Amino acid sequence: MFNFLYNNPIQQYNKIVKKINQFYETLEKHSEIELKNQTNELKIYLKNNKLNLDEILIETFAIVKEAIKRETGLVLFDVQLLGAIILHKNNIAEMKTGEGKTLVAMLPAYLNALTGKGVHIVTVNDYLAKRDALLAKRIFSHLGIKIGLITQHTAYNKRKEEYNCDITYTTNSELGFDYLRDNMAVHKNEIVQRNFYYAIIDEVDSILIDEARTPLIISGKTEVTNNFYKKAQEIASSLTNKQDYEIDEKSRNIILTEKGVLFCEHNLNIQNIYSIKSPWIKYILNALKAKELFIKNRDYILKNKQVTIVDEFTGRIMEGRRWSEGLHQAIEAKENIKIEAENKTLASITYQNLFLLYTKLCGMTGTAKTEENEFLKIYKLPVIEVPTNKLCIRKDMPDLVYKSEYNKWQAITNECFNMYQIGRPTLIGTTSIEKSELLAQMLEKIHIPYNLLNAKPENIAREAEIITQAGKKNTITISTNMAGRGTDIILGGNAHKIAEITIIMYIKDQITSNEKHTKSNFYSRKMQTILDEINIEFFKLKINNLETEINNIIHTNHHNKNQEEQKVLKIYKKLVSEYKVICETEKKEILSLGGLHVIGTERHESRRIDNQLRGRSGRQGDKGTSRFFLSLQDNLFRIFGGSTIENLMKQLNINDNIPIESIILSKSLNAAQKKVESYFYDIRKKLFEYDEVINNQRQAIYTERKKILESIFTRDCIIEYGECTINEMLNIYEKENNNKRQEILKQILQLLNIKINFRIDELIKMNFFEIKNFLHEQFRISYDLKEAYLEELRPGLVRQLEKYYLLQQIDKAWQEHIEKMHLLKEYIGWRSYGQQDPIVEYKNEAFNLFINMVTYIRQTVIYLIMRSRLIINL
Ligand code: ADP
Ligand code: MG
């Protein structure tokens with residue numbers, strides 16, 4: 001009924017697309033210089049006429065379209081222009097995999113970069129950031145736009161320069177960590193980011209939804225309390241599930257039973273395990289979680305004797321991240337490896353709040369519609385679906401549900417066997433490393449070759465490469481979910497990538513005299529002749545860096561390539577055109593067989609992730625199919641399914657080997673999945689609500705900090721802190737009786753380090769305002785004296801001291817405050833059985849903590865500065 005409220009803007013945007021194309025037609029005859037000049041002209045035009053960006057959208061988009069054509073030969077489709085408009089208008093563009101989003105982002109990026117404020121294009125990993133930045137560099141060299149790139153390998157002293165570029169490609173985690181580090185800087189030269197103006201987030205659901213559950217944390221070490229972890233682990237291993245404790249799988253929580261409590265108290269010889277004075281409960285619960293809920297090769301792997309987290313959604317290892325609040329240590333104790341010191345949070349932020357810092361935000365992904373509500377509520381980002389360039393004809397077949405997990409995997413193995421026989425490339429998504437390896441073993445038994453892609457370090461380096469080749473004939477690819485996200489599966493193989501890999505392999509083989517590939521006819525004779533032109537001597541010294549060398553030769557278009565490099569580039573182009581023919585033929589063959597087949601091995605926590613997997617098939621109108629294999633033992637059924645499904649299966653009384661097509665089950669299945677979706681949504685929403693409280697405080701502290709950092713005259717701040725301190729203490733003074741009053745005045749004088757030449761009883765006789773004025777005055781006088789004293793010793797010293805004390809005390813107090821807020825949240829969680837809404841309680845107490853912190857900062861700064869003296873060592 002209220003449909004008109006959600007007026008779909010696509011029609012209107014399509015009119016703009018037409019105009020862009022009209023203008024684009026006129027650009028062809030522009031010379032390179034003329035095209036390049038457009039950027040400056042537009043910049044000036046924009047400034048002089050105080051134009052709104054929308055007013056030059058048509059021209060700018062056409063210009064980028066022309067630059068793309070000149071550099072890559074690709075002509076943007078209308079749906080890509082449509083996507084670009086949607087991005088510029090602060091929405092999420094849902095565009096399917098393979099629709100060419102990388103290029104789409106460049107249009108609004110260019111338009112917004114004309115303001116000079118800097119545009120960020122954010123993606124999920126270094127590989128994609130680099131790949132896209134290299135392409136952008138080539139394209140934007142036609143327009144005189146500077147492209148920056150920041151990955152985890154970007155040196156600190158390079159970062160500022162990269163952020164200062166017109167458009168900067170980076171990953172969500174680099175962006176977040178740089179933000180936090182900038183706000184810990186002690187000198188303004190250390191700051192690397194400029195502002196948060198406009199961000200385009202690629203794979204936006206992965207960043208804003210999947211990753212939104214774990215905040216980014218910068219931490220420092222504290223000392224280890226090893227014995228606690230060890231002891232707790234011992235106790236946990238002698239406790240029995242269902243007797244001593246109960247597991248709530250849904251919320252990943254563990255509760256001790258009465259019996260368990262008694263056992264622990266007896267064993268530890270303590271009175272009350274829940275006493276605030278005893279630290280034990282936290283250690284025991286963590287040890288139990290480590291024992292029951294955190295499983296090796298699913299939740300984490302052991303890498304170089306370290307517990308390394310595996311992201312449960314993406315299957316990626318999360319290098320350097322640690323579970324907080326002692327959980328990581330509990331797992332280290334379980335694995336019997338070195339227990340690292342517990343980390344103290346120095347700064348943290350959630351992705352939600354990080355991205356809300358931007359004035360303008362937008363994003364793109366193949367799968368957003370199912371989480372439309374969340375995007376709108378939390379980020380105020382509407383999701384707009386962009387039609388595919390060609391109609392999607394992939395067939396999603398109904399799920400097959402087996403009684404037991406064993407039967408399910410058998411069936412999957414059979415399906416792989418069949419596909420392999422036919423020759424169709426097949427991609428199998430698994431939810432954990434463990435399961436991907438299980439399937440790998442089963443395939444090995446029946447002698448089916450496969451590629452395995454999971455978070456294990458030995459596999460991850462080849463991730464993108466495996467995915468680019470997953471579209472070749474007879475290729476079976478097992479991949480943990482979303483590994484290789486952002487990399488396109490091209491049927492018949494990716495000629496560019498094959499050419500690149502072939503060159504690298506050829507050079508390596510020649511240098512190491514490896515005859516394996518030559519013998520096995522890896523390169524056809526024709527290719528061999530092309531490759532033989534490479535000057536191997538030239539690459540001998542570069543062998544350790546060969547991948548990067550070749551990558552740079554191929555993907556950058558700086559003009560000072562030397563002779564050998566130019567030769568390689570030529571060979572590359574030749575190879576590409578050869579392979580293109582081969583790949584094209586293979587593609588046709590594969591299409592006639594039915595295209596890429598995708599197998600899901602479990603329904604995920606949200607339909608969105610299922611769709612992401614399915615979406616690997618059927619790109620750009622290709623034929624393809626997908627099918628999910630499920631079992632009643634899958635987590636989704638076990639935890640969220642309830643008993644209806646199981647009862648149904650029992651009633652049907654069918655053989656274990658025979659699946660039920662889920663049409664019968666689909667209602668319960670979808671209901672279960674929706675339950676999971678909303679369950680996780682609630683968790684994220686809660687995290688967001690809680691983080692919002694600390695976020696406001698963080699903004700206040702960071703603003704104050706920044707003000708001080710940039711100020712050249714911090715005296716004002718000191719005076720303000722001093723007067724505030726006096727006022728606050730006098731507020732207490734006012735409410736007290738004479739005895740106490742005297743005490744308070746003494747405290748004030750002591751804190752401010754003021755000596756007065758008469759007795760306190762005299763002072764107390766004055767009225768409130770007189771006292772206040774008197775103290776303010778005295779404070780200023782003694783500060784002037786202090787300043788004069790220090791100034792005489794060393795000019796400029798006092799300002800330095802001020803800044804030093806201010807920043808030091810703010811940082812110290814803020815870090816302690818974060819810690820307290822953590823504890824507060826935890827305690828509120830335990831307490832929340834009353835009527836009171838925990839978030840209200842949390843807000844109230846958080847407010848009090850904050851006020852106390854601010855007071856404390858002012859007092860310590862004043863205390864320190866009023867006592868500072870210079871000790872000169874003679
Ligand atoms: P997405 O991110 O939407 O999955 P990509 O940006 O990775 O897609 O692009 C997928 C492939 O499509 C790339 O190989 C790219 O070169 C190609 N491509 C993009 N736009 C076009 C176009 N207009 N015409 C032909 N090919 C295109
Ligand atoms: Mg992409």
Side-chain angles (χ1 to χ4, degrees), residues 20 23 27 30 32-68 71 84-85 87-90 103-123 129 132-150 154 157-170 174-175 178-179 182-183 185 188-202 354-363 703 706 709-710:
I20 296 171
F23 191 77
L27 291 171
H30 277 48
E32 273 295 292
I33 306 268
E34 279 171 335
L35 192 68
K36 205 178 218 165
N37 281 344
Q38 298 278 333
T39 300
N40 262 340
E41 279 169 26
L42 281 165
K43 268 187 188 169
I44 295 167
Y45 185 64
L46 191 67
K47 212 176 188 177
N48 290 352
N49 298 294
K50 299 213 167 52
L51 286 185
N52 182 324
L53 286 180
D54 290 353
E55 295 171 75
I56 52 167
L57 183 145
I58 292 169
E59 291 81 353
T60 47
F61 280 20
I63 288 168
V64 184
K65 181 170 175 175
E66 176 65 19
I68 289 173
E71 181 58 38
I85 300 171
L87 292 181
H88 170 67
K89 306 265 184 190
N90 307 342
L103 294 177
V104 171
M106 295 183 190
L107 282 66
Y110 176 70
L111 173 57
N112 285 274
L114 293 175
T115 59
K117 289 184 196 159
V119 173
H120 297 164
I121 299 185
V122 187
T123 187
D132 295 352
L134 284 177
L135 180 62
K137 266 184 196 162
R138 287 168 46 204
I139 290 167
F140 283 108
S141 68
H142 296 264
L143 299 175
I145 284 281
K146 272 196 144 165
I147 303 294
L149 167 66
I150 289 175
T154 310
N157 58 8
K158 283 271 160 56
R159 289 185 178 232
K160 193 173 197 160
E161 193 185 322
E162 300 292 317
Y163 277 118
N164 275 337
C165 290
D166 298 300
I167 301 170
T168 306
Y169 283 81
T170 183
E174 290 310 304
L175 191 74
D178 280 340
Y179 173 72
D182 272 0
N183 281 295
K188 66 179 184 209
N189 291 345
E190 292 169 18
I191 292 176
V192 296
Q193 292 179 333
R194 35 178 184 158
N195 49 15
F196 286 79
Y197 164 59
Y198 179 49
I200 304 173
I201 310 178
D202 192 11
L354 177 70
F355 283 103
L356 287 171
L357 293 170
Y358 282 95
T359 323
K360 281 183 72 175
L361 191 61
C362 68
T703 312
K706 204 161 180 197
L709 201 58
E710 284 168 359

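What you see is a predicted model, and the numbers here were worked out from it, not measured in a lab. In what follows, every heavy atom counts, from backbone to side chain, and hydrogens, waters and symmetry copies are set aside.
A donor-acceptor pair under 3.5 Å links the side-chain atoms of T170 to the main chain of I150, judged by distance alone. A donor-acceptor pair is defined here as one N or O able to donate and one able to accept, closer than 3.5 Å; no such pair exists between the side chain of N49 and the backbone of L51. Under a 3.5 Å cut-off, the side chain of E55 and the backbone N or O of N52 do form a donor-acceptor pair.
Atom NZ of K146 has 12 or fewer neighbouring heavy atoms from other residues, nucleotides or ligands inside a 6.0 Å radius. Residue-environment remark: OH (Y45) stays at or below the threshold of 12 foreign heavy atoms within 6.0 Å. Environment of NZ in K43: crowded, with over 12 heavy atoms of neighbouring residues, nucleotides or ligands closer than 6.0 Å.
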Requested in this report: Start with the C-alpha distance between L27 and K65, add both sets of side-chain angles, then the distance that settles side chain to side chain contact (heavy atoms under 4.5 Å, CB included), and finish with yes or no.
Outcome: CA-CA 10 Å; L27 291 171; K65 181 170 175 175; over 6 Å; no
Requested in this report: Go through L361 and N90 one step at a time and tell me if the side chain to side chain contact (heavy atoms under 4.5 Å, CB included) criterion holds.
Outcome: CA-CA 6 Å; L361 191 61; N90 307 342; over 6 Å; no
Query raised in the report: Would E34 and N37 count as a side chain to side chain contact (heavy atoms under 4.5 Å, CB included) if you check the C-alpha gap in whole Å, the side-chain angles of each, and the deciding distance to 0.1 Å?
Result: CA-CA 5 Å; E34 279 171 335; N37 281 344; 5.6 Å; no
Report task. Let me see the working for V122 and F355 under side chain to side chain contact (heavy atoms under 4.5 Å, CB included), right down to the final yes or no. Result -> CA-CA 10 Å; V122 187; F355 283 103; 4.0 Å; yes
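Residues F140 and I167 are in side-chain contact: their nearest non-hydrogen atoms beyond the backbone lie under 4.5 Å apart. Within the 4.5 Å cutoff, the side chain of I200 has heavy atoms near those of the P108 side chain. L87 has its side chain out of reach of L107: every pair of non-hydrogen atoms, C-beta onward, lies at least 4.5 Å apart. Between L354 and L357, the closest side-chain pair of non-hydrogen atoms falls below 4.5 Å. F196 has its side chain within reach of Y179: a pair of non-hydrogen atoms, C-beta onward, lies under 4.5 Å apart. In this structure, the side chains of I20 and L57 come closer than 4.5 Å at one or more pairs of heavy atoms. Between Q193 and K160, the closest side-chain pair of non-hydrogen atoms is not below 4.5 Å. Residues I85 and F61 form a side-chain contact, since some pair of their non-hydrogen atoms from C-beta on lies under 4.5 Å apart.
No side-chain donor-acceptor contact under 3.5 Å links K117 and N195. T39 and Y110 share a donor-acceptor pair across their side chains, judged by distance under 3.5 Å alone. Donor-acceptor pairing under 3.5 Å is lacking for the side chains of E66 and H30.
In this view, K188 and L709, E710 satisfy the side-chain contact (heavy atoms from CB on, under 4.5 Å) rule, not counting sequence neighbours. In this view, H120 and Y163, Y358 satisfy the ring pair (Phe, Tyr, Trp, His ring centres under 6.0 Å) rule, not counting sequence neighbours.
Minimum heavy-atom separation, H142 to A67: CB-CB, 4.2 Å. The two residues G144 and D166 have their closest heavy-atom pair at O-OD2, 4.4 Å. Between Y197 and G118, the shortest heavy-atom distance links the atoms CD2-O, 3.6 Å. Smallest separation of non-hydrogen atoms from T60 and I56: OG1-O, 2.9 Å. Across all non-hydrogen atoms, the minimal contact from G148 to A133 is O-CB, 4.4 Å. Taking every heavy atom of both residues into account, I63 and L143 meet most closely at CG2-CD2, 3.3 Å.
Considering CG of L111 and CD of E59, their distance stands at 10.0 Å, rounded to 0.5 Å. Annotation: the span from I191 atom CD1 to R159 atom CZ amounts to 15.0 Å, rounded to 0.5 Å. Taking CD of E174 as the reference point, atom OG1 of T123 lies at 13.0 Å (rounded to 0.5 Å). Note that NZ of K89 is 12.5 Å distant from SG of C362, once rounded to the nearest 0.5 Å.
When L103, I121, D202, I147 are each tested for a side chain to side chain contact (heavy atoms under 4.5 Å, CB included) with D132, only one passes: D202.
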